[in-house]
Amino acid sequence: MNIKPLYREILLARIDLTDQTFRLAPVENEETEDRSCDFITRWAVIHPPILQEKEEDGFIIVTGRQQIIAARGLPDKECCGCLILPSDTPALDLLALALQEILLRRPATPIEKAVCWQKGVTLAGRDRARQEFGALLELSDRMSPAGLEKLLTLDREIQEALHRGSLELKTCFKLLDMAQADRAALFGIIAQLRLSSSNQRKIIELCRELEKREARSIAEILTESECLEIINHAEANPPQKTAMLMNWLTGRCYPRLSEAEAAFRGFVAKLRLPRGVSIEHATSFEKDSLKLAIEFADREQLAEKWPIICKAFTSGQQGR
């Protein structure tokens, strides 16, 4: 890469915001934080945007898109200091600069990697793209070129959720294996309830299990009236709706386990356990044994109460 940029003050009106050639993020709302003119001027001196000069007229943004947008939002700002590259600069070199600008600040998101890979393949073919970007994109079995290409087949809103970090990468790959209607139904709930990574995995596992058990599509299951009543509950907040939904799905998947859980809760309630005391059952009720847990404020309290507890247990064992 033999690049010799020139620093110049460029009229903002001559910078083409519509050209997405080197943009790696999905198209989202491009509003930026309010910045003063002095701040943006210093920003451009310390870390100037990089532009490519068009053959005809104007400039294409390579890096610094948010800076340009922020500068254009100022009423009296007409120019911005930029590094200018000639129109004959190889596009593959410019794409590498766009990726490296991101990597200087943070790891690239899966969608940014996918977009970069797609653009690299379009510009130079798969072999050259792997040679130029393989290490930067951290291509591996987990994040293979084929996997990156699949991510870009997802709906735009799913891509944006993955880019923002509200959707887990593993969740996206699981959604890719589903029919469009099932994928849309699941993602709608994940987005509406703002499910955590663990709950994203849990809802997919439960829905797939229920799909097998009932021989019905996930979309059908998630649009049942009972499910919709939970999701659209007027008084419950998202965490409460999530808990209710998971309980409903678990009950549908494992009715005997749910019945056993309900019976166990009734048993514990009848015991009227004092504060700080709890009882746990074996996992999935595989055994009849129970665990009694007693919480103490500190070691001194435990030492004080232990003789009484020990005597009670000893007496109970002698009485058998």
Side-chain angles (χ1 to χ4, degrees), residues 1-7 10 15-30 32 43-44 46-54 58-71 80-154 156 158-169 172-173:
M1 184 184 294
N2 184 21
I3 294 177
K4 296 181 180 179
L6 295 175
Y7 185 87
I10 301 298
I15 301 173
D16 186 359
L17 282 176
T18 65
D19 192 305
Q20 306 283 327
T21 303
F22 302 109
R23 184 174 185 187
L24 303 184
V27 178
E28 297 181 43
N29 190 332
E30 293 192 312
T32 60
W43 190 5
I46 297 169
H47 189 62
I50 298 176
L51 309 179
Q52 182 189 31
E53 194 165 13
K54 291 184 179 181
F59 299 87
I60 299 171
I61 298 174
V62 179
T63 70
R65 186 178 188 85
Q66 293 302 310
Q67 291 170 263
I68 300 297
I69 294 171
C80 182
C82 303
L83 291 176
I84 308 302
L85 297 172
S87 59
D88 60 354
T89 306
L92 208 61
D93 289 348
L94 299 178
L95 183 62
L97 287 176
L99 176 60
Q100 285 170 334
E101 184 208 22
I102 294 170
L103 297 177
L104 286 173
R105 296 179 284 116
R106 56 170 173 78
T109 69
I111 290 297
E112 288 170 335
K113 291 182 178 182
V115 172
C116 182
W117 171 255
Q118 181 188 61
K119 290 179 182 288
V121 169
T122 300
L123 288 171
R126 299 178 69 85
D127 291 342
R128 180 73 188 283
R130 180 181 277 276
Q131 179 183 343
E132 293 291 330
F133 299 106
L136 292 174
L137 296 177
E138 299 175 310
L139 295 179
S140 62
D141 293 338
R142 178 175 177 271
M143 184 63 76
S144 65
L148 290 176
E149 290 163 4
K150 284 183 179 180
L151 291 179
L152 296 183
T153 66
L154 291 167
R156 176 62 64 178
I158 299 180
Q159 291 185 38
E160 291 181 359
L162 176 60
H163 177 64
R164 292 192 304 269
S166 59
L167 194 65
E168 192 180 48
L169 180 60
C172 284
F173 283 126

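Side-chain atoms are counted along with the backbone in the values below, which use heavy atoms only and exclude waters and symmetry mates.
To the nearest 0.5 angstrom, Leu24 atom CG is 4.5 Å from Ile102 atom CD1. With rounding to the nearest 0.5 angstrom, the SG atom of Cys116 is 13.0 Å from the CD1 atom of Ile111. Within the model, atoms CD1 of Ile69 and CD1 of Ile15 stand 11.0 Å from one another, a figure rounded to the nearest 0.5 Å. Rounding to the nearest 0.5 Å gives a distance of 6.0 Å between CZ of Phe22 and CD1 of Ile60. Atom CG of residue Leu83 and atom NE2 of residue His47 lie 9.5 Å apart, to the nearest 0.5 angstrom. Of the inter-residue distances, the one linking Phe133 atom CZ with Leu92 atom CG reads 4.5 Å to the nearest 0.5 angstrom.
Listed for the Gln52 side chain is a donor-acceptor partner under 3.5 Å among the backbone atoms of Ser87. A distance-only check finds a donor-acceptor pair linking the side chain of Gln159 to the backbone of Leu154 [under 3.5 Å]. The backbone N or O of Pro49 sits nowhere less than 3.5 Å from a side-chain atom of Arg65 that would complete a donor-acceptor pair. A side-chain donor-acceptor contact under 3.5 Å links Glu101 to the backbone of Gly64.
Across every non-hydrogen atom of Ala114 and Leu152, the tightest pair is O-CD1, 3.5 Å. Considering every non-hydrogen atom in both Thr89 and Leu85, the closest pair reads OG1-CB, 3.7 Å. Here the closest non-hydrogen pair linking Lys119 and Gln20 is NZ-O, 3.2 Å. Smallest separation of non-hydrogen atoms from Gly147 and Phe173: O-CE2, 3.7 Å. Considering all non-hydrogen atoms of both residues, Cys172 and Leu167 come closest at SG-CD2, 3.3 Å. Between Pro145 and Arg130, the closest heavy-atom pair is CG-NH2, 3.1 Å.
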From CA spacing to verdict: side-chain contact (heavy atoms from CB on, under 4.5 Å), Leu169, Leu162: CA-CA 7 Å; Leu169 180 60; Leu162 176 60; 4.2 Å; yes
Steps toward side-chain contact (heavy atoms from CB on, under 4.5 Å) verdict (Gln100, Leu136): CA-CA 8 Å; Gln100 285 170 334; Leu136 292 174; 4.1 Å; yes
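For Glu138, the CD atom is loosely surrounded, since the number of other residues' heavy atoms within 6.0 Å does not exceed 12. The local environment of CG in Asp88 is crowded, with over 12 non-hydrogen atoms from other residues, nucleotides or ligands closer than 6.0 Å.
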